[in-house]
Amino acid sequence: MHFGKVSEISLEEPSSYEKVFLTFDIDWASDFVLEYCIDLIESAQVKATFFVTHETPLLERLRENPNFELGIHPNFNPLLEGDFRYGKNYCEVLEHFCGIVPEAKVLRSHSLAVSSRILMQSVKLGFTHESNICIPIVAGGGALFPYLNWDKLIRCPYIWEDDVSCMYQKKVTSVEILESGKYLMLCFHPIHIYLNTINLDDYERAREAFSSPQQLLRMKNHKKGGSEDVLKELLEALS
């Protein structure tokens, strides 16, 4: 199988989506964490989509790599809680994140917050693809395909996410991921790759060290099956 970027999906061409789509929600990761993730993907020379939450000099590095594309990862959670840091309404929140990545054509919301109004406004802003539907393999996902929404937005569901995987007792292996279908949209987070997260309790305990490379490395998981392990196994299997 080949790797693809989300914006390359065309519903008229099955070959455009019968691929592996590596997506990364950067979630305000420290630069050293994000750089660790970028190094890993660049060394594999594969395509990937990064959903952006904040300004960082590393965005220019991502933009310079033709294998990569930038989307936005708007955070509507503060607005839902009466906090207007990103805007006083959903339109302003979208515009705030578009200001960080004005070229973006793809989006996935933080916490998967979405509504028909958000989708309609996204189309008005020029977005063509979104990925806010997660149906994990262990919950019946697999054999999914992108589809056309009524507003002409191409919706791209995904079947695996590293932190969601931690919440299920049954862990899905990289082999099971690859055998689950022809269209494979996956979601990783740089912080979980850096920590090789396999247990969310360990991740929560590491929060106090998020700004310290040395401390964070000491808290890295070395048991098999963490986020970084899954990613590396997929890259190796498809190299």
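As the structure is a computational prediction, the values presented were derived from the model and not from experiment.
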Please set out all donor-acceptor pairs under 3.5 angstrom arising from side-chain atoms of residues 186-194, sequence neighbours excluded.
unit_1 : atom_1 : unit_2 : atom_2 : d
H189   : ND1    : D162   : OD1    : 2.7
H192   : ND1    : T197   : OG1    : 2.9
Y194   : OH     : P213   : O      : 3.4

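- Counting Ile, Leu, Val, Met, Phe, Trp and Tyr side chains that sit under 4.5 Å apart, directly or through other members, M120 shares a hydrophobic cluster with W150.
- Remark: E236 CD is loosely packed, at most 12 non-hydrogen atoms of other residues, nucleotides or ligands lying under 6.0 Å away.
- Clustering ILVMFWY residues whenever any of their side-chain heavy atoms sit less than 4.5 angstrom apart, transitively, puts L235 in the very cluster that holds F50.
- Residues N67 and Q45 bring no donor and acceptor atom of their side chains to less than 3.5 Å of each other.
- At least one side-chain heavy atom of L178 sits under 4.5 Å from a side-chain heavy atom of L238.
- S15 and E13 are not linked by any side-chain donor-acceptor pair at a separation below 3.5 angstrom, with hydrogens and angles left out of the test.
- Looking only at distances, a side-chain donor or acceptor of T53 sits under 3.5 Å from a matching main-chain atom of W28.
- N89 contributes a side-chain N or O that, together with a main-chain N or O of E92, makes up a donor-acceptor pair within less than 3.5 Å.
- F84 and L80 are not part of a single hydrophobic cluster, where members link through side-chain heavy atoms under 4.5 Å apart.
- Under 4.0 Å is where a charged nitrogen must lie from a carboxylate oxygen, and between E176 and K170 at least one such pair does.
- Remark: aromatic rings of Y86 and F97 are close, center separation under 6.0 Å.
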**OP:** Please lay out, stage by stage, how N196 and H222 fare under the test side-chain hydrogen bond (donor to acceptor under 3.5 Å, both in side chains).
**Re:** CA-CA 7 Å; N196 195 31; H222 295 288; over 6 Å; no
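- Residues H2 and V20 fail the side-chain proximity criterion, which asks for heavy atoms closer than 4.5 Å.
- Between E228 and K220 there is a salt bridge, since at least one side-chain N of the basic residue sits less than 4.0 Å from a carboxylate O of the acidic one.
- Side-chain rings of F210 and Y203 approach one another, their centers coming within less than 6.0 Å.
- Side-chain contact check for I159 versus I135: every heavy-atom pair is 4.5 Å or farther apart.
- Within 6.0 Å of the NZ atom in K171, the count of heavy atoms belonging to other residues, nucleotides or ligands exceeds 12.
- Side-chain atoms of S122 come within 3.5 Å of backbone N or O of I118 as a donor-acceptor pair.
- Listed here is the closest heavy atom pair of K5 and F68: CD-C, 3.8 Å.
- Judged by distance alone, with hydrogens and angles left aside, the side-chain atoms of E69 form a donor-acceptor pair with the main-chain N or O of S7 at under 3.5 Å.
- Legend: side-chain hydrogen bond (donor to acceptor under 3.5 Å, both in side chains) pairs involving residues 128-137, not counting sequence neighbours, sorted by first then second residue: R108-S131, E130-N132, E130-R155.
- D25 contributes no side-chain N or O that, together with a main-chain N or O of D27, makes up a donor-acceptor pair within less than 3.5 Å.
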